[in-house]
Amino acid sequence: MQNLLDLDLPGLVAFFESLGEKPFRARQVLRWLHQYGADDFYQMTDLAKSLRAKLPEVAEIRPPLLHQEQVSDDGTRKWLLEVGPQNRVETVFIPEAERGTLCVSTQVGCALECAFCSTGRQGFNRNLSVAEIIGQLWWANKAMGRDPKGDRIISNVVLMGMGEPLLNYDNTVTAVSLMLDDHAYGLSKRRVTISTSGIVPAMDRLRAQMPVALAVSLHAPNDALRDQLVPINRKYPLSVLMPACRRYAQDGPRDFITFEYVMLDGINDRPEHAEQLLHLTRDVNCKFNLIPFNPFPDSGFRRSPSETVCRFASQLMGGGKIATTRKTRGDDIDAACGQLAGQVQDKSKRVSSRIEKFMGAV
Ligand code: SAH
Ligand code: SF4
């Protein structure tokens with residue numbers, strides 16, 4: 001049984017060809033699925049009756065199951081989606097004056113064990129399928145709907161939820177192609193952002209294949225500290241990561257990349273760290289997004305005081321870089337960056353050889 005939410009336009013064209021149908025059927029069905037949120041073939045009134053009767057025998061429309069919806073005092077919403085027994089992932093909608101952003105998950109947990117991340121603490125179970133990734137946008141659009149002008153409330157997507165998108169490369173790219181497709185969600189490449197901890201070969205693949213906006217989780221200005229905070233740095237150190245960032249900024253849809261930098265009190269927030277950052281990124285077109293650390297139980301870290309964050313940002317701006325500070329949103333419902341935990345049956349058992357094997361797949 002083919003789940004049609006697993007297919008992008010080329011996939012659907014191939015599927016309909018295998019049924020002896022014309023390629024334009026794929027575009028029609030794509031619109032029903034993603035623009036009208038159809039979950040039943042009988043709603044697809046412009047398909048021939050015979051095709052509508054045949055489809056349920058060979059195909060299904062199966063989004064992830066919606067388990068729970070929470071709404072924060074500041075309007076942030078979080079949906080918990082079931083993706084198999086005892087596995088749940090989270091997706092978050094963040095309303096702002098000029099845009100509405102959906103933060104999407106790509107894996108059940110994450111294998112990369114960044115020291116300050118709640119998802120990393122959960123361990124790793126598996127990659128999400130295309131239907132489970134795009135299903136988050138599918139559900140959120142159903143819930144949020146359109147504004148009075150008829151535009152969708154969700155105008156931006158960031159792949160910054162649970163998991164490392166570039167370690168689930170194929171499914172992430174197929175889901176992104178649906179986000180960009182005019183017959184599906186029609187978002188611009190500049191309004192879809194992939195956030196990565198720095199999987200260098202996959203960054204180069206993405207640049208060539210599906211160049212959307214890129215955010216790189218830097219968090220430290222030197223290898224000694226980054227090895228501790230973002231362990232993938234041991235595989236792709238700064239000397240390899242920085243040239244890859246430069247290449248992406250040159251060819252990407254925006255002429256810069258964003259560096260995310262979580263502000264950890266007394267760890268990576270001193271003036272010498274800002275100085276080192278300016279030196280490290282001197283020939284990369286980039287902006288900095290400082291993220292006040294969001295605490296979770298037993299994290300072992302504290303958030304930098306806001307004066308420290310301000311001073312750090314001023315120092316970066318004094319060095320000629322743009323630096324913004326991310327507003328904390330939705331922390332009353334544990335929906336802020338790094339707080340997404342869902343529910344993960346950890347299969348990685350924290351054996352680094354498994355993690356090595358997993359990373360070797362890229
Ligand atoms: N795996 C990808 C995307 C998901 S994490 C990545 O690491 O980029 C999204 C962002 O949240 C990353 O920049 C991550 O470093 C940051 N983050 C993780 N834990 C956090 C926490 N406790 N407080 C603030 N930001 C956090
Ligand atoms: Fe994984 Fe990103 Fe969390 Fe690191 S910060 S553990 S890469 S989700």
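Order of appearance sets the numbers: ligands from 1, and atoms from 1 within every ligand.
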Close aromatic pair by centroid cut-off 6.0 Å: Tyr261 and Phe312: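 So the answer is yes for these two rings.
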
Quick check for you: to the nearest 0.5 Å, what is the distance between Ser197 atom OG and Leu167 atom CG?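 Between Ser197 OG and Leu167 CG, I get 6.5 Å after rounding to 0.5 Å.
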
Polar protein atoms (N, O or S) that approach atom 4 (Fe) of ligand 2 to under 2.8 Å: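 N, O, S partners closer than 2.8 Å: Cys114 SG.
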
Hey, are Glu17 and Arg25 close enough for a salt bridge, meaning a charged N less than 4.0 Å from a carboxylate O?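 Judged by the 4.0 Å cut-off on N to carboxylate O distance, Glu17 and Arg25 do not form a salt bridge.
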
Quick test: of every protein heavy atom, which one is nearest to atom 2 (Fe) of ligand 2, and how far off is it to 0.1 Å?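 Among all protein heavy atoms, the one nearest atom 2 (Fe) of ligand 2 is Gly163 O, 4.5 Å.
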
Taking atom CZ of Arg62 as the centre, report whether more than 12 heavy atoms of other residues, nucleotides or ligands fall under 6.0 Å from it.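 Atom CZ in Arg62 is not packed in, count stays at 12 or less.
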
If you draw a 6.0 Å radius around NZ in Lys142, do more than 12 non-hydrogen atoms from other residues or ligands fall strictly inside?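 Check passes, neighbour count above 12.
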
Would you say Ala215 touches ligand 1, if touching means a heavy atom closer than 4.0 Å?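 In this structure, Ala215 fails to qualify as a contact of ligand 1 - no heavy atom is under 4.0 Å.
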
Is there any N or O on [X] that sits under 3.5 Å from an N or O of ligand 1?
| X | answer |
| --- | --- |
| Arg326 | no |
| Phe116 | yes |
| His219 | yes |
| Val262 | no |

From the candidates Gly161, Pro292, Ser197, Gly198, the one that places a heavy atom nearest atom 4 (C) of ligand 1: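 Nearest heavy atom to atom 4 (C) of ligand 1 lies in Gly161.
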
Indicate whether any N or O donor in one side chain lies under 3.5 Å from an N or O acceptor in the other, for Glu90 and Ser105.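 Checked: Glu90/Ser105 side chains show no N/O donor-acceptor pair below 3.5 Å.
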
